[in-house]
A.B. asks: 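Mind looking over this structure? Questions follow.
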Amino acid sequence: MTKPASRGVQTRMGRTLIKDLRQQVGQDVKIQGWVKTIRDQKRVQFLIIRDHTGLGQATAERSDDTAALNDAIASLTRESAVTVIGKVVENPVVKTGGVEVLIRELVVEGVADRLLPLDVSGAKESNPEVRLNWRFLDLRRPENLLTFQTQTTVEHAMREYWLREGFLELHSPKLMGSASESGAELFELTYFDRPAYLAQSPQFYKQMAMAAGFDRVFEIGPAFRADPSFTPRHATEFTSVDMEMSWIESHEDVMAFEERWLQYALTRVKEQLGPRIRETFDVDVVVPDVPFPRIPMQDVLRILTARGHIPERKGDLDPAGERLLGEHVAGELGHQFVFVTDYPAEVRAFYHMRYPDAPAITKGFDLLWKGVEVTTGAQREHRYEVLVAQAKEKGLSLEPIQFYLDFFKYGCPPHGGFGFGLSRMMMVLLNQPNIREVTYIYRGPTRLYP
RNA sequence: GGGGGCGUAGUGUAGCCUGGUUCAACACGCCUGCCUGUCACGCAGGAGAUCGCGGGUUCAAAUCCCGUCGCUCCCGCCA
């Protein structure tokens, strides 16, 4: 068997991606990838090689002259990383693209053990636990590659839209001296000479940028929540997509921005990856019409009651209610998205602005996609006295958040924004049952490895 | 944190309800041999599991009971 080569003529030959083999018929090429299948017959040996662009066949005829090569192929293992050099020939019979590489040289760059801990070929899906333990092997499955290609497209499109609209991209600290939201629990750190915490959200810092006069900002970054949440849509560490914009008239401006922003991102995904997503996940990427439906919470409750569902909590939605509302909106309004507006103050954060003529109702909203909550947003309260009063009303102690309250003492413009769950979007977009499927390396209440 | 389900060879499952004649079956993978080009290659043979862990009931437990650990789903929390 040939050893990995750091010198030699083959390293000077450029690599050909498997998807490009068709254009190289008649040429000598070097392809590099993983051995998906070995079909070793008496006269001919076939390898199916997988790289990130597709599958291709490499073939070697058995003969006395090529005994060394034939032996090397015979002792190959599935999922080994290999370099194959040979001539591309057209062969209409070959199912992987009608071309094959006639192997002249094979280099095993990285051997794989004979017994794999999971089935990379995807014929059968291993247990969730096994797949997470061996995530790097699980990620070799092409649908997982497509998931992260899709996520890259989504993020890129979001940034494109923001930049076009004059936003700045920020990176706020993830180490904090106090909580940034009330509800969720904090990860506490021991390094500092006082309690410190991992950021649950960039909420305070993106608002700080409004007080700083940055006008419009966004951030895509990690958020940490020490919640023992055992659901298919929670993680203790997740990627939060956040934006904040100044000089708005109301939260309607924020919703109007978000729906166009999402429409743009989904347009891009459909253009660039729609057919592959259709083929791989059996999902049609639907570019949503704007405006999205908006339904005040009071009406939502009426709709759910009419459908026989009484939410347990007053003024808020439970997961069953969210699913039901998603079905209602799909059936009655023909839309996958719905903004739920006018949440009662008692179920919203202290910094959500309230209606002047109805102080029990906030200018806060959630966005549901196919019945899954993907966004919470609001116009923020930017008037210092009002904000302090609302914080007190919620029973918060002011000292730890005084630095935040100070943002509003020296001329802060009216503003609003939202937080958006990237993995939740991916989960809904690709119709996956679980956030772990679409998270590169999942972190949960009991998961710290790999 | 509360409630339900699951945990059997490298992988995926069956057997568990109605304990014993199966201390374990099937498929994929693996090993050996064969096979004129395969493409989920095919054919023949073979190895591989003390049935998560601990305890109990019983003459006898993968099968029943208790505990424990892990995973998972529902609820709560939320992105």
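The sequence lines fix the lettering, A, B, ..., with proteins before strands; numbering per chain opens at 1. Worth saying up front: this structure is predicted, and the values here are computed from it rather than measured.
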A.B. asks: Are Thr376(A) and A79(B) close enough that a side-chain N or O sits under 4.0 Å from OP1 or OP2?
C.D. replies: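 True: Thr376(A) side-chain N/O within range (under 4.0 Å) of A79(B) OP1/OP2.
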A.B. asks: Of Gln379(A), Glu381(A), Gln207(A), which is the lone residue that meets side chain to side chain donor-acceptor pair (under 3.5 Å) with His415(A)?
C.D. replies: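 Per the side chain to side chain donor-acceptor pair (under 3.5 Å) rule, the option paired with His415(A) is Gln207(A), out of Gln379(A), Glu381(A), Gln207(A).
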A.B. asks: Is there ring stacking between Phe238(A) and A79(B), where the centres must be under 5.5 angstrom apart and the planes under 30 degrees?
C.D. replies: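 Yes, the aromatic ring of Phe238(A) stacks with the base.
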A.B. asks: Give me the distance, rounded to whole Å, that separates C17(B) from C65(B) when you measure between the P atoms they each carry.
C.D. replies: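 9 Å, rounded to whole Å.
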A.B. asks: Check every atom of G76(B), A79(B), U72(B) against the side chain of Asp318(A) and return the nucleotide holding the closest atom.
C.D. replies: G76(B)
A.B. asks: Hey, does Pro228(A) reach any base, or is it just sugar-phosphate, or nothing, if we go heavy atoms under 4.0 Å?
C.D. replies: base
A.B. asks: Reckon Thr239(A) touches a base, only the sugar-phosphate, or nothing at all at heavy-atom distances under 4.0 Å?
C.D. replies: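 Touches nothing.
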A.B. asks: In whole angstrom, what separates Glu129(A)'s CD from U11(B)'s P?
C.D. replies: 11 Å
A.B. asks: For Arg141(A) and U11(B), give me the distance from atom CZ to atom P, rounded to whole Å.
C.D. replies: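 Those two atoms, CZ and P, are 15 Å apart.
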A.B. asks: Distance check: side-chain N/O of Asn127(A) vs OP1/OP2 of U72(B), anything under 4.0 Å?
C.D. replies: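 It does not, given that no N or O in the side chain of Asn127(A) lies less than 4.0 Å from OP1 or OP2 of U72(B).
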A.B. asks: Take the protein atom CZ of Arg447(A) and the nucleotide atom C1' of C71(B), then report the distance between them rounded to whole Å.
C.D. replies: 9 Å
A.B. asks: Do the side chains of Lys174(A) and Glu219(A) get close enough for a salt bridge, i.e. N-O under 4.0 angstrom?
C.D. replies: yes
A.B. asks: Inspect the contact between Glu129(A) and Arg436(A) and indicate whether a charged nitrogen and a carboxylate oxygen are less than 4.0 angstrom apart.
C.D. replies: no
A.B. asks: From the options G70(B), A79(B), U11(B), select the nucleotide whose nearest atom is closest to the side chain of Arg424(A).
C.D. replies: A79(B)
A.B. asks: Would you tell me if any nitrogen or oxygen in the side chain of Arg131(A) comes within less than 4.0 Å of OP1 or OP2 on U11(B)?
C.D. replies: no
A.B. asks: Could you tell me the separation between the CZ atom of Phe224(A) and the C1' atom of A79(B), rounded to a whole number of Å?
C.D. replies: 14 Å
A.B. asks: Give a yes or no on whether a salt bridge exists between Glu125(A) and Arg131(A), defined as a side-chain N under 4.0 angstrom from a carboxylate O.
C.D. replies: yes
A.B. asks: Return each pair, listed once, that meets salt bridge (Lys or Arg N to Asp or Glu O under 4.0 Å) where at least one residue sits in residues 252-267 of chain A; pairs must be two or more places apart or across chains.
C.D. replies: Glu252(A)-Arg294(A), Glu259(A)-Arg294(A)
A.B. asks: Taking the same atom, C1', in G10(B) and in C31(B), what whole-Å distance lies between them?
C.D. replies: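 Pairwise C1' distance, G10(B) against C31(B), rounds to 13 Å.
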A.B. asks: Determine, for nucleotides 27-40 of chain B in 5'-to-3' order, which nucleotides have protein heavy atoms under 4.0 Å from the base (write B), from only the sugar-phosphate (write S), or from neither (write -).
C.D. replies: BBBSS---BBBBBS
A.B. asks: Test your reading of the model: is there a side-chain donor-acceptor pair from Thr16(A) to the backbone of Leu21(A), 3.5 Å cut-off?
C.D. replies: no
A.B. asks: Round to a whole Å and report the spacing from CG of Leu324(A) to C1' of C75(B).
C.D. replies: 17 Å
A.B. asks: Among C74(B), C77(B), G70(B), find the nucleotide with the atom closest to the side chain of Phe230(A).
C.D. replies: C74(B)
A.B. asks: Which nucleotide, A79(B), G12(B), C77(B), lies nearest any side-chain atom of Glu373(A)?
C.D. replies: A79(B)
A.B. asks: Checking all strands, does Arg62(A) fall into the base, sugar-phosphate, or nothing category for heavy-atom contacts under 4.0 angstrom?
C.D. replies: nothing
A.B. asks: What integer number of Å spans the C1' atoms of G52(B) and U72(B)?
C.D. replies: 15 Å
A.B. asks: Base, sugar-phosphate alone, or nothing: which one does Glu322(A) contact when heavy atoms must sit under 4.0 Å apart?
C.D. replies: base
A.B. asks: For Thr83(A), run the side chain to side chain contact (heavy atoms under 4.5 Å, CB included) check against Arg15(A), Glu105(A), Lys30(A) and tell me which one passes.
C.D. replies: Lys30(A)
A.B. asks: Which heavy-atom pair separates Val154(A) from Val269(A) by the least distance, and what is that distance?
C.D. replies: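 Closest approach of Val154(A) to Val269(A): CG2-CG2, 3.5 Å.
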A.B. asks: Rounded to whole Å, please give me the gap between CG in Leu132(A) and C1' in U11(B).
C.D. replies: 16 Å
A.B. asks: Considering only the C1' atoms, how many Å lie between C77(B) and C66(B), rounded to the nearest integer?
C.D. replies: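 About 33 Å, rounded to a whole number of Å.
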A.B. asks: When the P atoms of G55(B) and G15(B) are considered, how many whole Å apart are they?
C.D. replies: 28 Å
A.B. asks: How far, in whole Å, is A44(B) from U50(B) if one measures between their C1' atoms?
C.D. replies: 31 Å
A.B. asks: Sticking with atom P, work out how far A79(B) lies from U18(B), rounded to a whole angstrom.
C.D. replies: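 To the nearest whole Å, 48 Å.
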A.B. asks: For a quick check of understanding: with a heavy-atom distance under 4.0 Å over all strands, which category does Thr375(A) fall into, base, sugar-phosphate or nothing?
C.D. replies: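 Thr375(A): backbone/sugar contact only, no base atoms under 4.0 Å.
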A.B. asks: Tell me, with the steps shown, if Asp51(A) and Thr53(A) meet side chain to side chain donor-acceptor pair (under 3.5 Å).
C.D. replies: CA-CA 5 Å; Asp51(A) 72 10; Thr53(A) 68; 2.6 Å; yes
A.B. asks: If the test is side chain to side chain contact (heavy atoms under 4.5 Å, CB included), which one of Arg380(A), Met353(A), Lys363(A), His352(A) qualifies with His251(A)?
C.D. replies: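 When side chain to side chain contact (heavy atoms under 4.5 Å, CB included) is applied between His251(A) and each of Arg380(A), Met353(A), Lys363(A), His352(A), only Lys363(A) qualifies.
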A.B. asks: Within less than 4.0 Å of OP1 or OP2 of C78(B), is there a side-chain N or O belonging to Arg348(A)?
C.D. replies: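 No.
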A.B. asks: Quick check for you: among C71(B), A79(B), C77(B), whose closest atom lies nearest to any side-chain atom of Ala235(A)?
C.D. replies: A79(B)
A.B. asks: Which dot-bracket string fits RNA chain B when only Watson-Crick or G-U wobble pairs with both atom distances under 3.5 Å count, crossing pairs get [ ], and | stands for a partner on a different strand?
C.D. replies: ((((((((.[[[[.)....(....]]]].(((((.......))))).....[[[[[..)....]]]]])))))))....
A.B. asks: How close or far is atom P of C78(B) from atom CZ of Arg443(A), stated in whole angstroms?
C.D. replies: 24 Å
A.B. asks: Under a 4.0 Å threshold between the charged nitrogen and the carboxylate oxygen, would Arg323(A) count as salt-bridged to Glu327(A)?
C.D. replies: no
A.B. asks: Pick the P atom in A14(B) and in C6(B), then give their distance to the nearest Å.
C.D. replies: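 11 Å, rounded to whole Å.
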A.B. asks: Does this structure show an ion pair linking Arg348(A) with Asp316(A), if we count only N-O contacts that are shorter than 4.0 Å?
C.D. replies: no
A.B. asks: Rounded off to whole Å, could you give me the NE2-to-P distance for the His352(A) and C78(B) pair?
C.D. replies: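 It works out to 11 Å between those atoms.
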